[in-house]
Amino acid sequence: MLAGPAALHLLLPAPPPHRRHLAFALPQHPAPPLHARAACSRRARRRAPPQRHGVARASAAVAEEASSSGPAKFSVRIPVGDREILVETGHIGRQASASVMVTDGETILYCSVCLSDTPNDPSDFFPLSVHYQERLSAAGRTSGGFFKREGKAKDHEVLVCRLIDRPLRPTMPKGFYYETQILSWVFSYDGIHSPDCLAITAAGIAVALSEIPNKQTIAGVRIGLINGQFVINPTTEQMENSELDLMMAGTDSAILMIEGYCDFLTEEKLLEAVEAGQVAIREICKAIDVLVQSCGKKKMVDAINLPPPELYRHVEDISGDELVKALQIKEKIPRRKALSALEDKVITILSEQGYVSKDSSLGVTESLDDIVEDEDEDEVIVDGEVDEGDVHIKPVSRKPPRQLFAEVDVKLVFKEVSSKYLRRRIVEGGKRSDGRSPWELRPINSQCGLLPRAHGSALFTRGETQSLAVVTLGGYQMAQRIDNLVDTEESKSFYLQYSFPPSCVGEVGRIGAPSRREIGHGMLAERALEQILPPEEDFPYTIRVESTITESNGSSSMASVCGGCLALQDAGVPIKFPVAGIAMGLVLDTQEFGGDGSPLILSDITGAEDASGDMDLKVAGNESGITAFQMDIKVVGITLPVMEQALLQARDGRQHILNEMSKSSPPPSKALSRHAPLIHVMKVKPNKVNLIIGSGGKTIKSIIEETGVDAIDTGDDGTVKITARDLSSLEKSKTIIANLTMVPKVGEIYRNCEIKSIAPYGAFVEIAPGREGLCHISELSSGWLAKAEDAFKIGDRIDVKLIEINDKGQLRLSSRALLPDGDSESNSKQQSSGSTKEKAPQKDDLIKMTTRRPKRKKQSEPSGAENATTKTLEKSATAPATSQGSETAT
């Protein structure tokens, strides 16, 4: 069997662009370029193949580089902020549907998009998966662990995957069921230009160049606020001084996604930042459109498979009245069961009427056996030999259109009809499923101190959403270590972990590693609370917050913010201000549902309103500013006026929630738990730190074993942090460290000091652990001694006075100077060196307190063992409780 000329050009590989002669030629059917080969081979295997055209002529703004050994490379430079990014395609990843290399400075990111050969079964969720990975080799590093190959995605990489996924999903058309995979790798990183915002734009460009029939081109940028000026895609150094970290994605005309955090920025200032970002995104999208016109592929519009329009009429006729009643049920679980029963009823009635077929093969594309020709059939020979193992594709005619509705189509239509009825009820009747008005919040209740052994706990309930927040305080060893592209050890002293078990929605599901959604929601709540924490210099604890969602019906991440704030107060963390979070929804086109056409903003949305609405905007902060925010759009995008209305309405909602949180019963204790560890911070001279550590850590280990403290942490700047479970062990370790690092002064007196060794010329006396001085034989006694052994032996204890420190730092001691008949020479030395100071052991009835200064201010070098010591309190009958609060308040 021979293939006709009309089909032959689909089967043959295309020649390289620089060659113009072939053994045979089909001038009436020119072959497509190389970058469309994979599409041609895929097209013959699809049931409804979209026709593809050749590449359009390159625009003047797009550079096309000819190559003698491969296909042409298309590149374009796009202005972003104060610099340009370079986009290249056509020369790498040619078997993918589309691939791009995006360069910013010396940061290079590669992104590819691929489609499956056959569509998946219809679903209400677009089959899109995103993978983003930062290769350590991009920064000239390799993993420090046993496994040298990158493995499980880090939390930061998961967050970037979500940033890519969320703005792309609304642009995907309904009815397109081809599984799509976006892969993105950082191949080079210069430590200056962040790759995360670059990854959003790269994915948007790759999708725009591919066959995916997306509605609009997207791009992403980061916006910082530095010295009162908005900066697009700031460098890592600039971000250190930024008041705002805003990640934004959108199209040339609308906003699709925002996420970030700030230090109590006002709504007006945030809108200005979004407006600046939208201008930058618009310019990027215009440049991408020019590139797509030059080398983009034909979109697979024919592959969109929507349910038949008449099915909507059948579903509405059967379910109409009962659906209205079901949507009026206030409780989530009974409403869900009622809707599920009604869905089954619709399917049953349509099946009885002969409209629905239970046949699983209905509407399914041909299998591989239907496409690949049988062995006993004639081979397709095209002017030459056929290689062994080749798969020969035969032309397949389209099957006749189906006459029945598939069950999955009925379920999809029922969900759309339910969403339509819910939106109409809100717009026309002004009432939501639970009876609230659009701007009304659900009832709020909160309790603190539920868990007696936890350092802090709170239960926050808003309607049918509930979060149990627990705070744990610890030392530096409890900090979360971070492994990133930069070759520096980084750790977090505050982190929030969010858990969403299936039981919170009354379901049975998987329990294991946190999902991407849990990681994303936890980071949003963490950023919202991070801005209210005291500086580490004032509260030197590592803080861990756990939020377990025990009930969920929308806004569980914002419930984590509210519960976490109360739990922090219950743990005694001196926060700056209380904060709260709220989720806002939107019905964009109200005219379709009987409204006046103006957008309708919903406050404190439930899960059903989130799924059926057009927006999910989460905002955290207080009445004066915002600390964190996140917005996802279900439609093509919203405008700035709509966003402004939502932010202002969210501010009123936060104020109401804060008022309700202040009524918590029982209220937060606002004091450190007796089960929390004690942390004392002291300052020593930086050159004394090695004395504390000792050779191979021997000294610091011995201090921990001797005193029983949990940990001792030393810093290069002379900071020493002691973590202990009780006050007595803390005081012992403080005394030892103070003696080790003390700076002796001439004239100081040391009592009850042990003689460590005896030499012919005198005795070596230990005035502090590890610190010895020589008491010459002439200074041991007021009388004459032939040998030191005649009067003293090792282990004896004497009182000595420091009379001299030589140039080498060696100490000269005198016991004779303290005797009643001490010689005049010692007295004269004392008078010349200043007043005498007696160095007595630290008394048990004294507790030293330390007040630390902020790191940002320049600290002067301490002159003594504990220059940071500013207060001394006397113990009383209630000393343990008072001391605990005093020590940990530093």
- Note on the structure: dist Ile284:CD1 -> Ile205:CD1 (nearest 0.5 Å) comes out at 8.0 Å
- Message: Please evaluate residues Gln133 and Glu157 with respect to the criterion side chain to side chain contact (heavy atoms under 4.5 Å, CB included), reporting the C-alpha separation (whole Å), side-chain torsions for both, the decisive distance (0.1 Å), and the verdict.
- Response: CA-CA 6 Å; Gln133 187 178 70; Glu157 294 170 334; 3.8 Å; yes
- Results of ring pair (Phe, Tyr, Trp, His ring centres under 6.0 Å) for Phe176 - residues two or more places apart only: Tyr178
- Task: Give me the ring orientation class for Tyr498 and His521: parallel if the planes are under 30° apart, tilted from 30 to 60°, perpendicular past 60°.
- Result: tilted
- Note on the structure: So the side chain to side chain donor-acceptor pair (under 3.5 Å) pairs with at least one residue in residues 633-649 (sequence neighbours excluded) are Ser603-Gln649, Asp610-Lys634
- Item | Side-chain touch Asp596/Thr590, heavy atoms, less than 4.5 angstrom | yes
- Message: Holding to salt bridge (charged side-chain N to carboxylate O under 4.0 Å, His left out), I want the full list of residues that pass it with Glu316, two or more places apart in sequence or in another chain.
- Response: Lys420
- Message: For a 4.5 angstrom cut-off between non-hydrogen side-chain atoms, does Asp121 reach Val408?
- Response: no
- Item | Note: Arg462-Asp604 ion pair, threshold 4.0 Å (strictly below) | yes
- Candidate pair Ile638 and Met631, rule side chain to side chain contact (heavy atoms under 4.5 Å, CB included), full reasoning: CA-CA 11 Å; Ile638 66 170; Met631 182 183 73; 3.7 Å; yes
- Task: Report the distance from atom CD1 of Ile212 to atom NZ of Lys299, rounding to the nearest 0.5 Å.
- Result: 7.0 Å
- Task: Take atom NZ of Lys415 as the centre, draw a 6.0 Å sphere, and report whether it contains more than 12 heavy atoms from other residues, nucleotides or ligands.
- Result: no
- Nearest 0.5 Å, what's the NZ-CE distance between Lys215 and Met172? 10.5 Å
- salt bridge (charged side-chain N to carboxylate O under 4.0 Å, His left out) partners of residues 496-519, not counting sequence neighbours, each pair once: Arg336-Glu507
- Side-chain contact test, heavy atoms from C-beta onward, threshold under 4.5 Å: evaluate it for Phe126 versus Thr180 and give yes or no. yes
- So, do Pro502 and Ile511 sit near enough that their side-chain heavy atoms are less than 4.5 Å apart? yes
- Does atom CD of Gln591 have more than 12 heavy-atom neighbours from other groups under 6.0 Å away? no
- Query: Would Glu592 and Arg423 pass as an ion pair if we require N to O under 4.0 Å?
  - Reply: no
- For residues Leu168 and Ile182, determine if any side-chain heavy atom of one lies less than 4.5 Å from a side-chain heavy atom of the other. yes
- Item | side chain to side chain donor-acceptor pair (under 3.5 Å) partners of residues 159-172, not counting sequence neighbours, each pair once | Asp165-Arg169, Arg166-Glu259, Arg166-Asp632
- Which of these, Val417, Leu350, Leu412, sits in a side chain to side chain contact (heavy atoms under 4.5 Å, CB included) with Leu311? Leu350
- Item | Residues Glu267 and Arg654 bridged, charged N to O under 4.0 Å | yes
- Counterpart residues, side-chain contact (heavy atoms from CB on, under 4.5 Å), relative to Gln328 (two or more places apart): Val324, Arg425
- Are Met247 and Ile200 side-chain neighbours, meaning at least one heavy-atom pair lies under 4.5 Å? yes
- Message: A side-chain contact here means heavy atoms from C-beta on lying under 4.5 Å apart; do Gln655 and Arg651 qualify?
- Response: no
- Item | For Asn553, the option from Asp434, Ile333, Thr465 that meets side chain to side chain contact (heavy atoms under 4.5 Å, CB included) | Thr465
- Please indicate whether Asp321 has more than 12 foreign heavy atoms, meaning atoms of other residues, nucleotides or ligands, lying under 6.0 Å from its CG. no
- Item | Lys411/Asp124 ion pair, N-O < 4.0 Å | no
